Number of protein chains: 2
Amino acid sequence: MDDRAKRIRRNSPGGKADAAKVDLTAVVVAVSNNEPCVLTIGQTDTLPSGPLALEHRSLQSGLRTWVEEQTGHPLGYIEQLYTFADRDRAGAELEQRVISISYLALTRKEHATAPSKSSWQSWYDYFPWEDHRAGTPPMVSNLLRPRLIEWADGAYDDATRLERRRRAAIAFGFDDRPWNEDLTLKRYELLYEAALVEEAMRGSTLPPPVRGKSMVSDHRRILGTGISRLRSKIKYRPVVFELMPPAFTLLQLQRTVEALAGRLIHKPNFRRLIEQHELVEETGETSTETGGWPAKLYRFRHAVLEEGEVAGAKLPLSRA
Amino acid sequence: MDDRAKRIRRNSPGGKADAAKVDLTAVVVAVSNNEPCVLTIGQTDTLPSGPLALEHRSLQSGLRTWVEEQTGHPLGYIEQLYTFADRDRAGAELEQRVISISYLALTRKEHATAPSKSSWQSWYDYFPWEDHRAGTPPMVSNLLRPRLIEWADGAYDDATRLERRRRAAIAFGFDDRPWNEDLTLKRYELLYEAALVEEAMRGSTLPPPVRGKSMVSDHRRILGTGISRLRSKIKYRPVVFELMPPAFTLLQLQRTVEALAGRLIHKPNFRRLIEQHELVEETGETSTETGGWPAKLYRFRHAVLEEGEVAGAKLPLSRA
DNA sequence: CGCCTTATATTCAGGTAGAGTATAATCGGA
DNA sequence: TCCGATTATACTCTACCTGAATATAAGGCG
């Protein structure tokens, strides 16, 4: 059997067929002016990235090196997102396979140390259908919905037709289903499958039917993965504070969460939750910046990270 | 600046320095006789794995190919776990870096199609401190606790000492903290750091102080990652059913969850939850196999997967 | 001074989770 | 044949969490 043949190749680690090029890609997120932003480099819409090299001690340190070199931002909090390889990445025509290991990083714009060729882009420029803070965006009902239904009805058999309609309804909250902000990646994949985003139409001359900037290679997909992960995570881990200045008001904190989640939060419930879990402590100062009653300033209680599992640090995301 | 130098290397994808060997590793899980098992190959404690090759269409299909070839088990449900590279993996002395992309697979033992050199091992053989179904195992209080305190007190400064004690207490539930079954990976990493597991002592002649089989390379760490992921996931997604036969009683379902979680569940609450979320439907038959009142047989309602997010499919893990 | 804006406090109803208790059906053995 | 062990199933009770609404206080500004 060819079992043995493969075993032999397995034992020759220098074999060219098995070698791959490994890229590290970062989704670096910051929030300012209630707008969630992602760090891009150059003129094109490209995430910071670079090949894993032998001198990198680890995947994380390799990533930090590349991002700092390309953007001037030293990274704090990072976590691995996903490893891609089956995409129609640039290396398809090469002999070598390209693997992309992606990371999510949370930081603040002020952390930049030097001028650089990088810039911050609102992530809603790439995903305009994801911002529901002012209600469901018109493009969802007016553009995406009819296009997705059209796509579903274009299936060859009834079963597929129904299944496509169901998937679209779940992902986008059609037919009185609730909008679930965590499904960013699923929505993007659906639009890709329906050929409604630019990436799915490369080589075609037709304009993509959906507004929203695309990115180089599969970077928009990676960004979507990062948004999905972050939107899920803020509900059970206090990661928002990585994006906050040292001192902040409770409303600023709420606005930041709302920016990330793309939906509004019920204020009293939000405050109750934050206080209940003792996530913050007063600095003793107040801010009058916003007009109205001066708000107390708070700082994150780093001790909560040391108090074991922050069980139930869920955020009350309003469905109103 | 050397910025330019790196950019140039970046653009020569065939460069040897950037090429890496990519391994696919699978944590294949099944439960039988109320014991969670992992699939291993050969005589040694090794997870199924093999190098990613050009003929694999995707990471997933490469993994499926390797597992089926090495064990005879075709895989159903799989999900990506984590990508490792910074370990002191076998390739440290080689010129080439070794990357390991790991996957979690859920299946049933009966799915084997052919005799093979693989075998099933209880995962508690590798992690004996993780099974709390019969209460806290004696080894936790009698062996791990004193050894971890010893390790903590061996630190050079007071701050580190306190921090180590705190981490150990959180991970293992010392000092009246609750036991959190999801922290399997953290516990293993802590024991590794404290040099209480065999992998941390390779090259040493001293016997490892903690019982529990070790595995080849960093496979026990990968298994720990899989256990952690699965224990978290069963609380909010109905993945347990991938491990169940087509028809089962509610108690069998409960015992399976308990086997995975390593702790007991309050029976009435478990049933209430399953019924509340309509995860199952009656087959109409009953089973008298267990003695006592014949239990109704149920099957998984696959429709729930199509009903959008299975919000709140949490499992009531008793803290008693 | 009155109005607007924001902060802060309180309340209320519904749901869920944890935990305990009660009753019914079947089997094995005395 | 009856009793107890074993299992299935049903019901209850309480504490807490969540969503949502309302009320009051403090400052800025025309």
Side-chain angles (χ1 to χ4, degrees), chain A residues 34 132 178-181 234-236 247-258 261 263-298 309-320, chain B residues 34 132 178-181 234-236 247-258 261 263-298 309-320:
Chain A
N34 300 333
H132 286 230
W179 170 260
N180 184 341
E181 67 278 1
I234 48 174
K235 289 177 195 145
Y236 61 95
F248 48 85
T249 70
L250 289 186
L251 186 58
Q252 284 167 356
L253 181 62
Q254 180 181 340
R255 294 281 177 251
T256 302
V257 174
E258 290 174 336
R263 67 190 309 175
L264 298 180
I265 295 174
H266 189 267
K267 195 192 320 198
N269 292 348
F270 179 78
R271 300 170 64 90
R272 176 176 62 190
L273 199 93
I274 299 294
E275 282 156 8
Q276 195 169 292
H277 291 282
E278 299 179 292
L279 295 176
V280 297
E281 62 191 2
E282 300 182 10
T283 66
E285 325 218 323
T286 57
S287 161
T288 59
E289 307 253 321
T290 45
W293 190 347
K296 287 182 189 159
L297 284 172
Y298 294 84
E309 284 318 282
V310 194
K314 294 180 194 168
L315 291 164
L317 289 164
S318 161
R319 54 177 59 128
Chain B
N34 300 333
H132 286 231
W179 170 261
N180 184 341
E181 68 279 0
I234 49 174
K235 289 176 195 145
Y236 61 95
F248 48 84
T249 70
L250 289 185
L251 187 58
Q252 284 168 357
L253 180 62
Q254 181 181 340
R255 293 283 176 250
T256 302
V257 174
E258 289 175 336
R263 68 189 309 175
L264 298 181
I265 294 174
H266 189 269
K267 188 170 9 174
N269 291 350
F270 179 78
R271 300 169 64 90
R272 175 176 63 190
L273 199 94
I274 299 294
E275 283 156 8
Q276 195 169 292
H277 291 282
E278 299 179 291
L279 295 176
V280 297
E281 62 191 3
E282 300 182 12
T283 66
E285 325 218 322
T286 58
S287 160
T288 59
E289 306 252 321
T290 45
W293 190 346
K296 286 181 191 160
L297 285 172
Y298 293 84
E309 286 317 280
V310 193
K314 294 180 193 166
L315 292 164
L317 288 164
S318 161
R319 55 177 56 128

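Keep in mind it's a predicted model, so treat the numbers as computed, not measured.
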Please state whether the phosphate of C:dT8, meaning OP1 or OP2, lies under 4.0 angstrom from any side-chain nitrogen or oxygen of A:R271.
yes

Residue B:N269, side-chain atoms from C-beta onward, closest of C:dG18, D:dA20, D:dA8:
C:dG18

At under 4.0 Å between heavy atoms, what does A:K267 touch on the DNA or RNA strands: base, sugar-phosphate, or nothing?
base

To the nearest 0.5 angstrom, please state how far the CG atom of A:L264 sits from the CZ atom of A:R255.
7.0 Å

Length of the line joining B:I274:CD1 and C:dT16:P, which is rounded to integer Å
15 Å

Using side-chain heavy atoms (C-beta onward) and a distance below 4.5 Å, is A:L297 in contact with A:T249?
yes

Please state how far atom CD1 in A:I265 lies from atom C1' in D:dT18, giving the value in whole angstrom units.
14 Å

So which nucleotide from C:dA7, C:dA9, D:dT18 ends up closest to the side chain of A:P268?
C:dA9

Report the distance from atom CD of A:Q254 to atom P of C:dA7, rounded to the nearest whole Å.
9 Å

With respect to the side chain of B:R272, which nucleotide from D:dA21, D:dA8, C:dG18 is positioned closest?
C:dG18

Just by distance, do the side chain of A:Q254 and the backbone of A:I265 share a donor-acceptor pair under 3.5 Å?
yes

To the nearest angstrom, the CZ-P distance between A:F270 and D:dT18 comes to 13 Å

Between atom CG in A:L273 and atom P in D:dC16, what is the gap in whole Å?
16 Å

B:R263 CZ to B:N180 CG distance, which is reported to the nearest 0.5 Å:
7.5 Å

Whole-Å distance between D:dG27 P and A:W293 CH2?
8 Å

Nucleotide nearest A:L251 (side chain, heavy atoms from C-beta), chosen from C:dA17, C:dT6, C:dT26:
C:dT6

For A:H266 and C:dT11, give me the distance from atom NE2 to atom P, rounded to whole Å.
16 Å

Over all atoms of both residues, closest heavy-atom pair of A:Y298 and A:E282
CE2-CG, 3.5 Å

What is the separation between atom CG on A:L250 and atom C1' on C:dA9, rounded to the nearest whole Å?
13 Å

Taking for each residue the nucleotide of DNA chain C bearing the nearest heavy atom, is the 5' side occupied by B:Q276 or by B:P294?
B:Q276

